[in-house]
Participant: 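Input: one structure, supplied below.
Hydrogens, waters and symmetry mates are skipped; everything else that's a heavy atom, side chains included, is used. Labels below follow one simple rule: chain letters A, B, ... track the order of the sequence lines, proteins then strands, and each chain is numbered from 1.
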There are 2 protein chains.
Amino acid sequence: MSNLSVRELPVLQPEETVAPCCPPLTERPLSAEEAERTAVMFKALGDPVRLRLFSLIASHEGGEACVCDISDVGVSQPTVSHHLKKLREAGLLTSERRATWVYYKVAPEVVAAMSALLDLRH
Amino acid sequence: MSNLSVRELPVLQPEETVAPCCPPLTERPLSAEEAERTAVMFKALGDPVRLRLFSLIASHEGGEACVCDISDVGVSQPTVSHHLKKLREAGLLTSERRATWVYYKVAPEVVAAMSALLDLRH
DNA sequence: CGTCAATATTGACATCCGTCGAGGCAGGCG
DNA sequence: CGCCTGCCTCGACGGATGTCAATATTGACG
């Protein structure tokens, strides 16, 4: 954990964790394990500050933004950093360092999978 | 709060609270108030037990189920009741008493609004 | 090398939240 | 009426979570 460069922040492979998780929730009940993994994604968006940060990034030019672009959400800088980490760990964001700045962008496949999960057309 | 029959459980009107909330998260940043209201919905699905209960109801015949149909998720009956209440308060479920049983069904408009929120096609 | 700016981490604290057992209420049935 | 079944509410407890100040880290620039 300590010998990893920040240039490639360590995130579990999105494909393996959350992306093609489950069929729409109408198709069949989720297993306990599926529910456990899926809940992490919804929980990540279940906080007002994180939801604002996510929408700030998603609506930003190119679907990415550096932390300095989105830090004005009414909480301290460490708290912003904490929330961005949560969103990244949930697989919803990826990050990349460029010079002094760290850029976050949305992980489209993961977000699309969440959206598909809520597709109620049987 | 005490003079209300259980037959019509008191839920805030979905139309007023969450249903037509916001455009896709890519369109513009959420305001603090929008984020506050929207986070309630995502938080409701951000728990494994609630996610299983929701999928059990959504995948059940007719998109509805009575509590006795879905109580086998590994927690006590009061806890099931607590989670169903959370989902109902978030606007994701509605409930109705029929004889001895209480039936829960998904609120399609609200769930569709959540799905649309995550639609990343700009 | 020293400094500065941007971001992350640590540690502490208060609050929130999931869980359970106990008990309450409503409706069906004898 | 009295009892049983299905579900909800209450109160308590422990663990998770959001927040901040302080500090660390990283990279750019003299």
Participant: Is any side-chain N or O of Lys43(B) closer than 4.0 Å to OP1 or OP2 of dC17(C)?
Facilitator: yes
Participant: Checking side-chain contact (heavy atoms from CB on, under 4.5 Å) against Leu92(A), which of Ile57(A), Val40(A), Val106(A), Leu45(A) comes through?
Facilitator: Leu45(A)
Participant: Counting just side-chain N and O atoms, does Ser81(A) come under 4.0 Å of either OP1 or OP2 of dA8(C)?
Facilitator: yes
Participant: On DNA chain C, nearest-nucleotide positions of Pro78(A) versus Trp101(A): which is more 5'?
Facilitator: Trp101(A)
Participant: Grab the CG-C1' distance between Leu84(A) and dT17(D) for me, whole Å please.
Facilitator: 16 Å
Participant: Roughly, in whole Å, what's the span from CD in Gln77(B) to C1' in dG24(C)?
Facilitator: 12 Å
Participant: Among the candidates dT9(C), dC17(C), dT19(C), find the nucleotide nearest to the side-chain atoms of Val49(B).
Facilitator: dT19(C)
Participant: If you pin Thr100(A) and Cys66(B) to their nearest nucleotides in DNA chain D, which one's is more 5'?
Facilitator: Cys66(B)
Participant: When the distance from OH of Tyr104(B) to P of dG6(D) is rounded to whole Å, what number comes out?
Facilitator: 16 Å
Participant: Rounded off to whole Å, could you give me the OH-to-P distance for the Tyr103(B) and dG27(C) pair?
Facilitator: 15 Å
Participant: Check the phosphate of dG27(D) against Arg98(A), side-chain N and O only, distance under 4.0 Å to OP1 or OP2. Yes or no?
Facilitator: no
Participant: Please pick, from dG27(D), dG18(D), dG28(C), the nucleotide with the shortest atom-to-atom distance to any side-chain atom of Arg97(A).
Facilitator: dG27(D)
Participant: If you compare every side-chain N and O of Lys86(B) against the phosphate oxygens of dC17(C) (OP1, OP2), does one of them come in below 4.0 Å?
Facilitator: no
Participant: On the nucleotide dT19(D), are OP1 or OP2 found under 4.0 Å from the side-chain N or O atoms that Ser76(A) carries?
Facilitator: no
Participant: Is it true that the side chains of Ser115(B) and Ser115(A) contain a donor and an acceptor less than 3.5 Å apart?
Facilitator: yes
Participant: In whole angstrom, give the distance that lies between atom CG of Leu53(A) and atom P of dG18(D).
Facilitator: 12 Å
Participant: Does the side chain of Phe54(A) come within less than 4.5 Å of Val111(A)'s, by heavy atoms?
Facilitator: yes
Participant: Can you tell me how far P of dG18(C) sits from CG of Asp47(B), to the nearest Å?
Facilitator: 5 Å
Participant: For His82(B) and dT19(C), give me the distance from atom NE2 to atom P, rounded to whole Å.
Facilitator: 8 Å
Participant: Does Leu118(B) reach the side chain of Phe42(B), with side-chain heavy atoms less than 4.5 Å apart?
Facilitator: yes
Participant: Which part of the nucleic acid, if any, lies within contact of His83(B), taking any heavy atom under 4.0 Å across all strands shown: a base, the sugar-phosphate backbone alone, or nothing?
Facilitator: sugar-phosphate
Participant: To the nearest Å, how far apart are Ile70(B) CD1 and dC7(D) C1'?
Facilitator: 12 Å
Participant: Please check: side-chain N/O of Arg52(A) versus main-chain N/O of Glu34(B), any donor-acceptor pairing under 3.5 Å?
Facilitator: no
